[in-house]
Amino acid sequence: MTSQIALEPQQDHKPRVALLGEFSSGKSTLSNLLLGEAPLPMKVTATRLPPVWISYGEPAAYAVSHDGTEREVTLDDINDLCLTDTRFIRLYRTADTLQVCDLIDMPGISDPNMSVENWQPLLAEIDCVIWCTHATQAWRQSEAAMWDEISASTNGNNILLVTQFDKLKNEFERARVMKRLKIETKGKFEEIFSISLLQAIEAGDDFSIWEKSGAAGFIDHLISLILNTSHDAPQTGPESQEPVGGASSSVIVEHVAEVVQDDPSISDMQIPDELDQADVGYVRPRRVRIKTKIRPRTPRPPSRAVGNG
Amino acid sequence: MKIDTRITRAIDQGNGMRAECLTSGLEHLAEFADRVETVEQTLDELAGVVGDSNAKSLQRLRKQLAEFEPSVTLLGQVKSGKTALVSALAGWPDLLPSDVNPWTSVVTSLHVRPGTEHPEIAARFRFVSEEEWDRLILKGGRIGELAGRAGAESDLKRIQSQIEHMREKSRRRLGRQFELLMGQTHEYEHFDKNLLERYICLGDDFEVDAEHHDETVQGQFADITRSADLYLNSPTLPFRMCLRDTPGVNDTFMMREQVTIGAIRESKVCVVVLSASQALTTVDMGLIRLISNIDTREIIIFVNRIDELTNPVSQIPEIEASVRETLRTHLEVDDVEVLFGSAYWANKALAGEIDALGDKSATALLNWAEFSIEPDFDTRTPQEMVWELSGLPALLRSISSRVVDKVGERFLQKTAMSAMNVATAQQAANTVQIDANDPSSSCDRQDLKLEFERVFQLNLRALENEIEAILSDFRDRADRAHATFVTTASQSLVKQLERYGSETFWECNVLRECNPESLRILLRSAYRVMGTRIQSTAKARYETAVSEIAHLLHAGFGDVVEGIQIGVPNPADIPPPAMLGQTIALDFNDSWWASWWRRMRGQRAMANHFEKLITSETQDLMGQLKFEQTEAIKTDAANILRAFLDEQRDILMELMTRPSNTSGVQDLFLTETEVAKRTTIEKSLSVFQPIAA
């Protein structure tokens with residue numbers, strides 16, 4: 001089954017999806033899944049990076065300071081960046097997902113060594129949130145309280161993603177956790193999904209594992225949510241600071257997303273999507289293909305797109 | 001109250017394989033248990049050869065020793081694995097019910113005793129009383145207060161509605177029973193998981209709907225249970241111990257957090273349980289700060305769930321370095337013990353189910369085993385290796401040494417000293433009796449008694465006056481520290497306002513300058529100075545009292561009492577300033593400040609408001625520190641002197657009631673008995689002396 005959604009931009013930027021949650025809740029792993037590669041360092045302890053704003057473009061990385069100046073950095077140096085001087089890191093990759101949205105990988109909350117002041121101002125720029133919560137300790141008071149603080153500044157298309165779902169030992173446990181979360185977060189998220197991120201990344205071309213990991217349902221929903229948002233876009237979050245109506249900022253970018261669902265009965269035998277093997281590693285979520293009719297207006301948007309410092 | 005007696009004791013089934021692996025780590029405790037036993041025996045022997053009032057003293061000591069039960073509290077965030085860990089520590093795999101959702105809602109105390117005999121009462125559950133309910137609803141408990149002060153009206157309302165909702169639910173479910181149960185206690189001779197679930201597992205709040213309405217299911221009484229005490233035997237534990245399982249902090253159901261915080265005071269040794277996948281969050285830090293006000297040496301950090309790591313060998317050192325670094329930077333503590341393990345592995349090893357670990361867990365286990373394997377592992381069974389790798393022996397070792405060094409040894413020392421006083425006095429009593437005909441030692445007994453009471457009252461009053469003077473200094477100093485803090489914070493606020501204006505203010509790091517941690521440091525040091533002064537003053541006063549008593553005895557009984565050794569009692573421990581760890585709104589430098597700031601924005605009287613806010617925020621803390629705590633210190637110091645003098649009065653009476661005339665034959669006969677008595681006393685002194693030293 002293939003559904004096609006044609007888009008007309010109603011806003012002058014792509015939807016900006018922030019990955020939020022407590023530290024070590026799987027945000028970075030999720031960004032790896034969405035990017036189809038792992039550009040950022042990963043640790044079992046808290047990853048202490050400034051927010052990482054990932055957009056479509058030829059691979060490059062820049063440290064953006066509070067006054068808006070940018071400096072090219074290499075990914076190897078990224079751990080040495082001064083947290084207080086760097087407002088965020090701008091990262092360009094060519095992942096399909098980035099053709100329809102920007103991803104902002106936020107620092108984890110509840111990290112004693114990472115002050116909220118380092119990243120909270122950036123929340124004003126985001127449109128919606130994927131909130132990651134670890135299945136075995138899901139949705140604690142620190143998360144609930146933080147979400148109450150910030151959810152109002154989003155456009156409401158937020159997803160609660162229960163990660164490390166495979167850590168729960170059986171179906172009964174999984175059902176109970178989901179049931180509790182549904183009740184406790186009622187009205188706070190557009191949808192709740194569960195996922196086993198490592199399983200999803202390792203799924204490769206095996207659609208049944210991909211589906212079993214929870215990635216299929218989540219990604220499908222996420223993409224259609226993003227595309228529909230840009231399409232309807234009644235309200236797109238905080239006021240943009242872009243000059244209104246300038247010709248350069250209204251370059252038309254049109255995307256077509258295909259959400260492919262293989263027939264489950266034959267999926268085991270099928271080697272899908274040989275057409276679209278392009279340039280990414282095997283971990284890329286192949287079930288989502290986004291075709292860009294017109295390229296994004298510039299490979300590197302000017303810094304004003306993210307605030308005036 | 002009718003109680004279902006058809007409860008079977010599931011835990012009786014036990015399993016045969018655990019004894020040989022469980023004793024590892026308990027060596028220190030076993031040695032302590034031996035010494036306690038020696039002291040107990042010696043006390044019994046001594047009680048057989050002393051006079052009535054001295055025997056009473058000894059019986060009191062014996063009873064106190066028998067009731068002495070060191071306790072360990074396990075704390076941590078919800079779902080960090082405390083319950084599974086407590087079960088494993090007690091040696092009963094999966095004894096306590098646990099669930100993927102947080103549902104332990106009361107503090108459960110496991111009283112574990114050595115041996116194989118079942119205690120008469122196996123489980124005791126106490127329900128909240130009507131007043132406790134009312135207090136919870138009116139004030140929302142301590143966290144309610146906290147939320148109220150922080151201006152988060154919705155939070156306070158939320159807690160109140162959570163509690164009110166729970167109370168209504170209980171009332172509806174229990175009907176007329178509800179009123180009857182308040183303040184009651186239920187006792188059972190046996191217990192099993194089902195019974196426990198009825199009393200301690202609140203279960204899923206949302207699952208109470210019409211079709212699930214079964215009176216005997218989990219959580220029947222859980223919402224009205226205030227405490228649960230379970231009594232168990234353990235064939236491997238060498239000394240009795242109380243293990244406390246808490247509901248956990250950072251739960252959206254805030255009642256649980258409140259219950260947990262209340263339990264911190266109950267134990268000298270606290271194990272903070274972290275989750276390996278997310279070690280040391282801000283909430284964990286808050287918890288550690290709360291406990292570290294008690295004493296850093298008493299905290300053990302146990303990083304649980306290493307079974308969920310993909311590569312323990314590389315990840316564990318990384319986690320440890322990060323935990324230590326964070327503790328060093330934020331709490332300036334360097335000496336906390338950090339242990340790693342898996343309660344999951346421990347329970348599997350105890351239950352003899354190591355084949356059922358699951359693939360990922362088994363992979364992690366093998367990875368960890370290759371790294372930490374030791375030569376003598378060859379001689380062990382796989383089950384014993386899993387037990388070792390679970391980190392439980394290391395945790396037991398750490399708990400044992402703390403329990404012994406920090407609590408047990410001191411208790412035993414105090415007991416031995418009191419017993420020594422009795423024994424040396426008994427030696428003197430014997431001497432008095434033998435030399436009773438010596439006219440030079442005769443004295444007016446009425447005067448002696450009066451004089452004793454005079455010394456008693458004089459020293460007690462002097463002690464109280466001396467302590468009051470020190471406390472008054474302390475209160476002044478605390479007030480000065482507080483005033484300095486308020487002034488500094490307000491001034492820096494004004495300065496920053498002038499420099500940056502109010503708009504961008506809260507994004508600046510200026511708020512660090514009114515970090516309440518600096519106030520805590522000032523108060524803690526004032527408190528420490530006060531504590532040291534009180535202890536040395538009390539010690540000096542105790543010495544004065546002892547030498548005056550010695551004088552008195554000498555005046556009353558002459559040279560014959562010269563051999564008496566009266567021990568000077570030890571001053572009481574100064575209780576830790578636990579209230580300093582209390583989280584106040586000023587601690588929330590993140591979201592709370594932001595919202596305060598938003599409300600205040602634009603008001604020029606900000607500094608004034610700020611000053612008022614800080615003062616009201618710290619008022620409760622100051623009051624507790626300056627008055628409640630100091631009153632307790634004063635009472636403790638006086639009580640020790642009073643107890644000591646009471647003991648001395650017993651001894652004096654014993655000396656005075658000795659007969660003054662004896663016939664020659666009887667004398668000779670008595671002497672043989674006396675020789676036996678003295679041998680016993682001397683032997684007891686040789687036991688007590690090294691312990692009391």
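In what follows, chains are A, B, ... by sequence order, proteins preceding strands, each numbered from 1. The figures here come from the full heavy-atom set of this structure, side chains too, leaving out hydrogens, waters and symmetry mates.
At a cut-off of 3.5 Å, with distance as the only test, a side-chain donor of Asn311(B) or Asn367(B) sits close to an acceptor on the other residue.
Contact of Asp111(A) with chain B is made through the backbone alone, with heavy-atom distances under 4.5 Å. In this structure, chain A has heavy atoms under 4.5 Å from both the backbone and the side chain of Ser80(B). Proximity to chain B involves both the backbone and the side chain of Glu22(A), based on heavy atoms less than 4.5 angstrom apart.
Between chain B and the residues Ala135(A), Ser142(A), Ala138(A), Ser110(A), the most heavy-atom pairs under 4.5 angstrom are made by Ser110(A). With respect to chain B, the highest number of heavy-atom pairs below 4.5 Å among Ser25(A), Gly108(A), Ser24(A) belongs to Ser24(A).
Counting non-hydrogen atoms of neighbouring residues, nucleotides and ligands closer than 6.0 angstrom, the CZ atom of Arg71(A) reaches no more than 12 such neighbours.
Taking Lys182(A) as the reference, nothing meets the salt bridge (Lys or Arg N to Asp or Glu O under 4.0 Å) condition, with sequence neighbours excluded. With sequence neighbours excluded, no residue satisfies salt bridge (Lys or Arg N to Asp or Glu O under 4.0 Å) with Glu173(A).
The aromatic rings of Phe189(A) and Trp147(A) sit parallel to each other, their planes meeting at less than 30°, with 60° as the upper class boundary.
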